[in-house]
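These numbers come from a predicted model, not from an experiment.
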Amino acid sequence: MPQITLPDGSVKSFEHPVSAFDVAMSIGDRLARACVGALIDEELSDLSTVIDKDCTLALVTEKTRDKQDDPNAMYLLRHSTAHVMAEAIQRIVPGAMLVYGPPLENGFYYDIAFPEDRPLKEGDFEAIEAEMAKIVEEDRPFTRYELEYSEGLSKVKSEGSKYKLDNAHRAHEAGSLSLSFYATGEPGRDWEDLCRGPHVPSTGRIGAFKVMSLASSYWHGDENSDRLTRVYGTAFFSKKDLAAYLDRIEEAKKRDHRVLGKKLKLFHIDETVGQGLILWTPNGSVVRKELQSFISMELAKQGYHEVFTPHIGKLDLYRTSGHFPYYAESQFPPLIERDHMAQLSEEGCSCAQLSNHMTTGEIEGFMLKPMNCPHHIKVFDSQPHSYKDLPVRLAEFGTVYRWEQSGELNGMTRVRGFTQDDAHLFCTPDQVAHEVQGCLLLVKTIFSVLGMEDYRVRVGLRDPDSGKYTGDPANWDKAEQACREAAQTLGVPFTEEPGEAAFYGPKIDFVVKDVIGREWQLGTVQVDYNLPERFDLSYVGPDNEKHRPVMIHRAPFGSMERFIGVLIEHFAGAFPVWLAPEQVRVLPISEKSNDYAHEVMSALHAVGIRATLDDHDQRVQAKIKNGSEMKIPYLIVVGPRDAENRAVSVRAFGIEKDLGSMPLDSFVSAISEEYRTKGRSTVRQRFETVKA
RNA sequence: GCCGCUGUAGCUCAGUGGUAGAGCGCACCCUUGGUAAGGGUGAGGUCGAGAGUUCAAAUCUCUCCAGCGGCUCCA
């Protein structure tokens, strides 16, 4: 007879098998009513699950004790809502075949194959939601039943969906001896779906839901397989929670770098220039320049040397590096020399022949560089090296071009031309660990100055079962260990991911989320044994013999485009003084104060502060509103009173009222200090010292 | 590349077959104002591009281009 251990350690004994719901009832009927599921021996289960042996049991309620969403409850709710949506869709579009409908972090989706002559459109959402509301209103129980595998399989077969049949096969392959089905209501009478569950007790528990969007997807994620329609939705226990979620999405959109980029005039993408090609406008250029010089300074401290290399290189260079033709699909097409072109044209060369000629190397041409490494290798190899020279660290803000699929392009975060904060380190095998650590130190320094703490670190290791890797296994072991140890020195949580290494070496990636919750890889540090081999690089060792150096590719911030895109969102457009395109705006109270305002602006310009003057014929309230919307760090109001005292009235971004008045000279020195120290000393602090 | 949605003034957007609109921004005038929008006047548009249907197209159809969400991809 079951002895059930509850989370507080107490044990309940029952004479007969009981359901999780019965246990809840035995504690209290209010609790039972609040329950949506149960964790039985840590496994999320239906509330109706019958317990016939000893176990631990934790009841899952809509909210945790501290009124937060319970992730398990949300999982049950959203999984269940996916069923309700699927039923509604099948009522509206007969012949729609269900494929797979899992819950997600913020909702759920259902992949569905629609008849070709009846695709789902956004215009159908209203009708779907209306059907869903009916099903919720009917408050039908989710009823689980299981069939022995072969019996279940013949049931699924009789229903004629290859997708569900495939799901059944997969369940079997994963070790299931039976198949479970969930009826929304009564089996045999109401709608049902092959499903492993679990679910909330009944549709009435779904408090609020919304069909969000449509997308296409591939069956099994395989682009050569069937194209499915993915319908996204979300659900909450209360309408209030749903409204709050939708508000959060609206708020996040305001931080979106594409929205702020326009509003704050940071960058422009012009379709006549080309998709995915960023035009840095003056404001954005200031941010980029400040960041680049900061990085450059840190690089110099670490013994890097900056180089400049051109944007193109000969095709043959990329044959040696292996970029061409292997990655030709993600590159802009090669530039063919004019004489070759003319000759080929005379010979009546077809496109296919041209492509073959290029692959075999019979045609020379140039390529927009997809990576900086070949150029840097040639810089390294332009002179012989002794082991005493190593490591050689060559850095460049190098612009590269890649042919990203059109559907992938996204503001500044996914583009076709971008500038990496790239560097290549050439070192002895023994120096790898130290150099990798140096790269991570750089990341840590710069992230901490920017206040970026919300990133994750991924250590990509080789998949021991795969033979795709190049290089000596002993070196791999050492390099992987070096990466692992370096990641530990960062003091940030990291995950080791076997199979995520490049084919030529292990790597460390830095991943951040954007406002919509999408993850982007920023920086990467990669150990490479392959390219030194391909380019036959060498240095002379203490034994007077030639040795092969190891290369480390590192672009700790990825690209200036992506990094600044993420940075815009990180600061919600309100850059700190050192990065702000416009650091100070001077607001004269009226024309009468324009002369003094000009004087103030000149004093700021004289010390290199980016200051502007708003001499529009408006009241100061309006100027403050405009200045605040542009997220300018300091607005200084000057009127006759200030002019008389040679003072300024200071207003800092994000503070509702003004900080007070300060002598002009003090403000100039305080903001210079804030600029120079990247915010370690601020104008605000100056006010506080004065008060103290 | 795939599916869906969107494209109207510099920006945000309204406009369902019959003379292209609003707010913000911009210019000028009035106002000379002390901490989140003072008032007025005005300029500004091949309605993403091309083709079609129609007496008539921003509006309906098709093709293309671009953006957005997702899928796939990312050396």
- Message: Please convert RNA chain B into dot-bracket. A pair counts if it is Watson-Crick or G-U wobble with both distances under 3.5 Å; crossing pairs go in [ ] and bases paired with another strand get |.
- Response: (((((((..((((....[..)))).(((((.......))))).....(((((..]....))))))))))))....
- Message: Assess the residue pair A/Asp316 and A/Lys314 against the criterion (salt bridge (Lys or Arg N to Asp or Glu O under 4.0 Å)); give the C-alpha distance rounded to whole Å, side-chain angles, the decisive distance to 0.1 Å, and a yes or no.
- Response: CA-CA 5 Å; A/Asp316 219 29; A/Lys314 276 187 168 178; over 6 Å; no
- Message: Here's one to test your reading of the geometry: is the NZ or CZ of A/Arg416 within 45 degrees of the ring axis of A/Trp403 and under 6.0 Å from its centre?
- Response: yes
- Query: Which part of the nucleic acid, if any, lies within reach of A/Tyr504 when heavy atoms closer than 4.0 Å are counted: base, sugar-phosphate only, or nothing?
  - Reply: sugar-phosphate
- Could you state the CZ-P distance from A/Arg458 to B/C74, rounded to the nearest angstrom? 12 Å
- Could you tell me whether the phosphate oxygens of B/G70, OP1 or OP2, come under 4.0 Å of any side-chain nitrogen or oxygen in A/Ser217? no
- Item | Contact under 4.0 Å: A/Arg619 side-chain N or O vs B/A37 OP1/OP2 | no
- Query: Between A/Ile516 and A/Arg562, which is nearer to the 5' end of RNA chain B once each is assigned its nearest nucleotide?
  - Reply: A/Ile516
- Are A/Arg319 and A/Phe324 in a cation-pi setup, meaning NZ or CZ lies under 6.0 angstrom from the ring centre and within 45 degrees of the ring axis? no
- Would you list the pairs meeting side-chain hydrogen bond (donor to acceptor under 3.5 Å, both in side chains) in which at least one residue belongs to residues 322-333 of chain A, sequence neighbours left out? A/Ser321-A/His323
- Within the structure shown, what part of the strands sits under 4.0 Å from A/Arg518 by heavy-atom distance: base, sugar-phosphate, or nothing? sugar-phosphate
- Name the orientation class of the two ring planes belonging to A/Phe563 and A/Phe557 (parallel below 30°, tilted from 30 to 60°, perpendicular beyond 60°). tilted
- Query: Hey, are the side chains of A/Lys254 and A/Glu251 touching, using non-hydrogen atoms and a 4.5 Å cut-off?
  - Reply: yes
- Message: Taking atom CZ as the centre, does A/Arg91 end up with more than 12 heavy-atom neighbours from other residues, nucleotides or ligands that are less than 6.0 angstrom away?
- Response: yes
- Would you check, one step at a time, whether the test side-chain hydrogen bond (donor to acceptor under 3.5 Å, both in side chains) holds for A/Asp615 with A/Asn594? CA-CA 7 Å; A/Asp615 60 358; A/Asn594 278 0; 4.8 Å; no
- Message: At 4.0 Å (heavy atoms only), tell me whether A/Ser649 reaches a base, stays on the sugar-phosphate, or touches nothing.
- Response: base
- Query: Between atom CG in A/Asp658 and atom P in B/U35, what is the gap in whole Å?
  - Reply: 8 Å
- Message: Categorize A/Gly411 for me: base, sugar-phosphate, or nothing, with a 4.0 angstrom heavy-atom threshold over every strand shown.
- Response: sugar-phosphate
Identify the pairs formed between an N or O of the protein and an N or O of nucleotides 22-30 of chain B at a distance under 3.5 Å, and give each distance.
residue : atom : partner  : partner atom : Å
B/C26   : OP1  : A/His616 : NE2          : 2.9
B/C30   : N4   : A/Asp617 : OD2          : 3.0

- Message: What's A/Arg414 touching, base or sugar-phosphate or nothing? Going by heavy atoms closer than 4.0 Å.
- Response: base
- Among residues two or more places apart or on two chains, list those pairs meeting salt bridge (charged side-chain N to carboxylate O under 4.0 Å, His left out) that have a residue in residues 631-649 of chain A. A/Glu599-A/Arg646
- Verdict with supporting geometry, A/Ile632 and A/Val584, side chain to side chain contact (heavy atoms under 4.5 Å, CB included): CA-CA 6 Å; A/Ile632 297 160; A/Val584 179; 5.6 Å; no
- Query: At under 4.0 Å between heavy atoms, what does A/Glu591 touch on the DNA or RNA strands: base, sugar-phosphate, or nothing?
  - Reply: base
- Name the nucleic acid region contacted by A/Gln405, choosing base, sugar-phosphate or nothing; use a 4.0 angstrom heavy-atom cut-off, strictly under. base
- Query: A/Arg641 CZ to B/U32 P: how many Å, rounded?
  - Reply: 18 Å
- Item | Residues A/Asn372, A/His553; criterion side-chain hydrogen bond (donor to acceptor under 3.5 Å, both in side chains); working and verdict | CA-CA 10 Å; A/Asn372 298 304; A/His553 307 246; over 6 Å; no
- Expressed in whole Å, how much space separates the P atoms belonging to B/U46 and B/C11? 13 Å
- Query: Checking all strands, does A/Leu635 fall into the base, sugar-phosphate, or nothing category for heavy-atom contacts under 4.0 angstrom?
  - Reply: nothing
- Message: Whole angstroms only, please: what is the CG-P distance between A/Asn594 and B/U31?
- Response: 17 Å
- Report which part of the nucleic acid A/Ala622 touches: base, sugar-phosphate, or nothing (heavy-atom distance under 4.0 Å, all strands). sugar-phosphate
- Item | Span that lies between the P atom of B/U6 and that of B/G10, in whole angstrom | 23 Å
- Message: Side-chain N or O of A/Arg230 versus OP1/OP2 of B/C2: is the shortest distance under 4.0 Å?
- Response: no
- Grab the CD1-P distance between A/Ile249 and B/G69 for me, whole Å please. 12 Å
- Task: May I have the distance from A/Gln331 (atom CD) to B/A75 (atom P), rounded to whole angstrom?
- Result: 12 Å
- Message: Can you confirm if the aromatic rings of A/Phe380 and A/His375 lie within a centre distance of less than 6.0 Å?
- Response: no
- Kindly confirm or rule out a cation-pi arrangement of A/Arg78 over A/Phe236, judged by NZ or CZ under 6.0 Å from the six-membered ring centre and within 45° of its axis? yes
- Hey, does the side chain of A/Gln275 come within less than 4.0 Å of B/A66's phosphate (OP1/OP2), counting only N and O? yes
- Query: With a 4.0 Å cut-off on heavy atoms, is A/Leu409 in touch with a base, just the backbone sugar-phosphate, or nothing at all?
  - Reply: sugar-phosphate
Which pairs, protein N/O on one side and nucleotides 10-17 of chain B N/O on the other, fall under 3.5 Å?
residue : atom : partner  : partner atom : Å
B/U12   : OP1  : A/Lys262 : NZ           : 3.4

- Select base, sugar-phosphate, or nothing to describe what A/Glu329 touches, counting heavy atoms under 4.0 Å on all strands. nothing
- Message: Base, sugar-phosphate or nothing for A/Asp642? Non-hydrogen atoms, less than 4.0 Å.
- Response: base
- Task: Could you check how far CZ of A/Arg118 sits from C1' of B/C3, rounded to whole Å?
- Result: 15 Å
- Message: Say we look at B/G25 and B/A37: how far apart would their P atoms be, to the nearest angstrom?
- Response: 12 Å
- Message: Determine whether a donor-acceptor pair (one donor, one acceptor, N or O, separation below 3.5 Å) exists between the side chain of A/Arg651 and the base of B/A36.
- Response: yes
- Distance between the P atoms of B/C68 and B/C26, in whole angstroms? 28 Å
- Task: Grab the CH2-P distance between A/Trp520 and B/C73 for me, whole Å please.
- Result: 15 Å
- Query: Under the side-chain hydrogen bond (donor to acceptor under 3.5 Å, both in side chains) test, which residues partner A/Lys623, sequence neighbours left out?
  - Reply: none
- Mind checking the P distance from B/G1 to B/A58? Whole angstroms is fine. 30 Å
- Message: Regarding A/Gly221, tell me which of base, sugar-phosphate or nothing describes its non-hydrogen contacts under 4.0 Å with the strands shown.
- Response: sugar-phosphate
- For atom OH of A/Tyr100, is the number of surrounding heavy atoms from other residues, nucleotides or ligands below 6.0 Å larger than 12? no
- Message: Mind checking if A/Phe503 touches a base, just sugar-phosphate, or nothing, with heavy atoms under 4.0 Å?
- Response: nothing
